[in-house]
Protein chains: 2
Amino acid sequence: MSPRPVRAMDADEKVDRQARILEAALRLLSLQGISGVSMRAVAREAGVSLGLVNYHYEDKTSLIRAALRRIEELDIALVEPDPALEPEERLRAALKRVADPEFLTTEYLSLRLQLWALAQAHEDFERINTEAQKRYRAGLAALIQAARPELPADECGRRAADIDVIQNGLWLTALLGLDHASISRNVARCEEIALAGPPAAQRQD
Amino acid sequence: MSPRPVRAMDADEKVDRQARILEAALRLLSLQGISGVSMRAVAREAGVSLGLVNYHYEDKTSLIRAALRRIEELDIALVEPDPALEPEERLRAALKRVADPEFLTTEYLSLRLQLWALAQAHEDFERINTEAQKRYRAGLAALIQAARPELPADECGRRAADIDVIQNGLWLTALLGLDHASISRNVARCEEIALAGPPAAQRQD
DNA sequence: CGAGCGTCTGAACGATCGTTCAATATATTC
DNA sequence: GAATATATTGAACGATCGTTCAGACGCTCG
């Protein structure tokens, strides 16, 4: 199928041009927004010819769609349960993951933002974003349910929704500059929400 | 200066074309993102000729800059203190304002989102967004300080920062669909944060 | 070797972009 | 009413856009 990726490659990596094109598109989308993503700019950034971009990706739309799906993968991985831990620690680890330095990169946060912005403009992209968000929230609710089996499912959903809001605010605000103290406070708040005591009616002071 | 806006206007309002151009740009930005904002599209949407857009706005950049400043104005107005209320109620009113139906419009939320997305791509727009956010947070901190005069200033800043995160998450998440119950819960959470009891060291269970 | 196939290139096409500008329309001033 | 200033138009410019395509390259198989 592919022309043998073996053999000493000249520079660092000239194989798998399709992947390099996708990464170039992601880089441009993050740094310059959708206006900076032209087929020619992507080709230049990936070090390939213009024609090859249209060879591997039928459309500009297909290219961007592939880029958005890549972002979605990274997102979902955040709530992927760590099987080495017990349920409660597994949930805590997932909640802490949004404060990881590798997650709070400007490049990654900006990519997420551009995904949201594109979702407003293009119905096709909106579906990708909505489904990603739905999957993420479902993963979160499952983690909460596992850590607090006594909770009714809809209460887990409520808590997942509230945490989702705060986490969305966290990464969005992080784009203006990292305030690690504020991040820790909000991560702690998410843990409180997720692991709050009894499922009983909320207390009213 | 302007050619007498009196006289019976033909349709509904054909005067103040500059304002209509700006509103057309905002409408397009909200509905289609930055890719949908071309000088020609703006002219068509505003019902004026192409040349007039470049007459009232030197650049495309100037036009978008004006649009972003308009969004900023709407944002800041949210924390504008209501002089008819006492400090604590004034703060509560400001915090509740983000749940107002007129604020949770898709058009307005999408505009905000596009502002953030543009800020990532263009240094000039980034400055506008950063300053708007700074002014908003300062207004929030001032409201908290007025409602809780015994708090040290930096504690007010911390609370404003935390509330800002949650509110950013609120409007961003609202773009996926309005979950009024979740919104109320988060508004309540913001009130708790802002009006929390003593400024003493936080309790540790 | 030559036919076949997947990969890759760069020129070319028509469409659209932002910007400029001469010309016209409208309002203000004397 | 002429003169002037302001507002408005639409054609035209060069640049860039997404897409297409004929051809070249490298590899495998008979």
Side-chain angles (χ1 to χ4, degrees), chain A residues 1-11 13-25 28-29 31-68 114 118 121-122 124-125, chain B residues 1-11 13-25 28-29 31-68 114 118 121-122 124-125:
Chain A
M1 190 165 303
S2 70
R4 306 279 316 276
V6 283
R7 220 162 156 230
M9 21 194 159
D10 284 331
E13 30 170 347
K14 71 158 46 177
V15 285
D16 209 356
R17 324 268 270 219
Q18 176 157 12
R20 286 185 48 179
I21 291 173
L22 183 59
E23 284 157 18
L28 286 173
L29 185 60
L31 283 167
Q32 317 194 43
I34 186 59
S35 317
V37 185
S38 69
M39 303 298 268
R40 283 171 176 82
V42 169
R44 202 180 318 124
E45 180 79 12
V48 303
S49 71
L50 169 62
L52 194 62
V53 182
N54 266 296
Y55 174 76
H56 284 299
Y57 298 93
E58 186 189 9
D59 266 335
K60 183 183 179 182
T61 303
S62 321
L63 172 60
I64 295 187
R65 189 161 34 224
L68 298 192
Q114 301 297 335
L118 285 174
H122 200 295
D124 207 17
F125 303 152
Chain B
M1 190 163 307
S2 72
R4 306 277 319 275
V6 283
R7 216 159 160 235
M9 23 193 159
D10 283 332
E13 32 170 345
K14 71 158 44 178
V15 286
D16 209 354
R17 327 267 269 217
Q18 176 157 10
R20 287 186 47 180
I21 291 173
L22 183 58
E23 284 158 19
L28 286 173
L29 186 59
L31 257 61
Q32 318 195 41
I34 186 60
S35 316
V37 185
S38 68
M39 302 300 268
R40 281 171 178 80
V42 169
R44 200 180 318 124
E45 179 80 11
V48 302
S49 70
L50 169 62
L52 194 61
V53 182
N54 266 295
Y55 175 76
H56 284 299
Y57 297 93
E58 187 190 8
D59 264 336
K60 182 182 180 182
T61 304
S62 322
L63 172 59
I64 295 188
R65 189 163 32 223
L68 299 192
Q114 300 297 336
L118 285 174
H122 200 295
D124 207 16
F125 303 151

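Letters A, B, ... mirror the listed sequences (proteins, then strands); counts begin at 1.
Heavy-atom minimum distance, A:Ala46 versus A:Ile21: CB-CA, 3.9 Å. Annotation for A:Ala66 and A:Tyr57: closest pair CB-CE2, 3.8 Å, computed over non-hydrogen atoms.
Checking the phosphate oxygens (OP1, OP2) of D:dA7, no side-chain nitrogen or oxygen of B:Arg20 falls inside 4.0 Å. Within the 4.0 Å cut-off from OP1 or OP2 of C:dT7, not a single side-chain nitrogen or oxygen of A:Arg17 is found.
Once rounded to the nearest 0.5 Å, the distance linking CD of A:Gln114 with CD1 of B:Ile34 reads 11.0 Å. Put simply, CG on A:Asp16 and CG on A:Leu22 are 10.0 Å apart, with the number rounded to the nearest 0.5 Å.
Rounded to 10 degrees, the angle separating the terminal helix axes of the helix from C:dC1-D:dG30 to C:dC30-D:dG1, each built from five base pairs, is 0°.
Residue pairs satisfying the side chain to side chain donor-acceptor pair (under 3.5 Å) criterion with at least one member in residues 31-55 of chain B, sequence neighbours excluded, are listed as follows: B:Arg27-B:Glu45.
Counting only heavy atoms from C-beta outward, the side chains of B:Phe125 and B:Thr61 approach each other to under 4.5 Å. Using a 4.5 Å heavy-atom threshold, the side chains of A:Leu52 and A:Arg17 count as touching. Within the 4.5 Å cutoff, the side chain of A:Val42 has no heavy atoms near those of the A:Lys60 side chain.
Looking at residues 35-44 of chain B, you'll see B:Val37, B:Ser38, B:Met39, B:Arg40 sit with a heavy atom under 4.0 Å from some atom of DNA chain C. Of all the residues in residues 47-62 of chain B, B:Val48, B:Ser49, B:Gly51, B:Leu52, B:Tyr55, B:His56 reach under 4.0 Å from DNA chain D with at least one non-hydrogen atom.
Regarding B:Asp16, its CG atom lies at a distance of 16 Å from the C1' atom of C:dT26, rounded to whole Å.
Scored by the side-chain hydrogen bond (donor to acceptor under 3.5 Å, both in side chains) test, A:Asp59 finds no partners at all (sequence neighbours excluded). For A:His56, the side-chain hydrogen bond (donor to acceptor under 3.5 Å, both in side chains) test picks out A:Gln18, with sequence neighbours left out.
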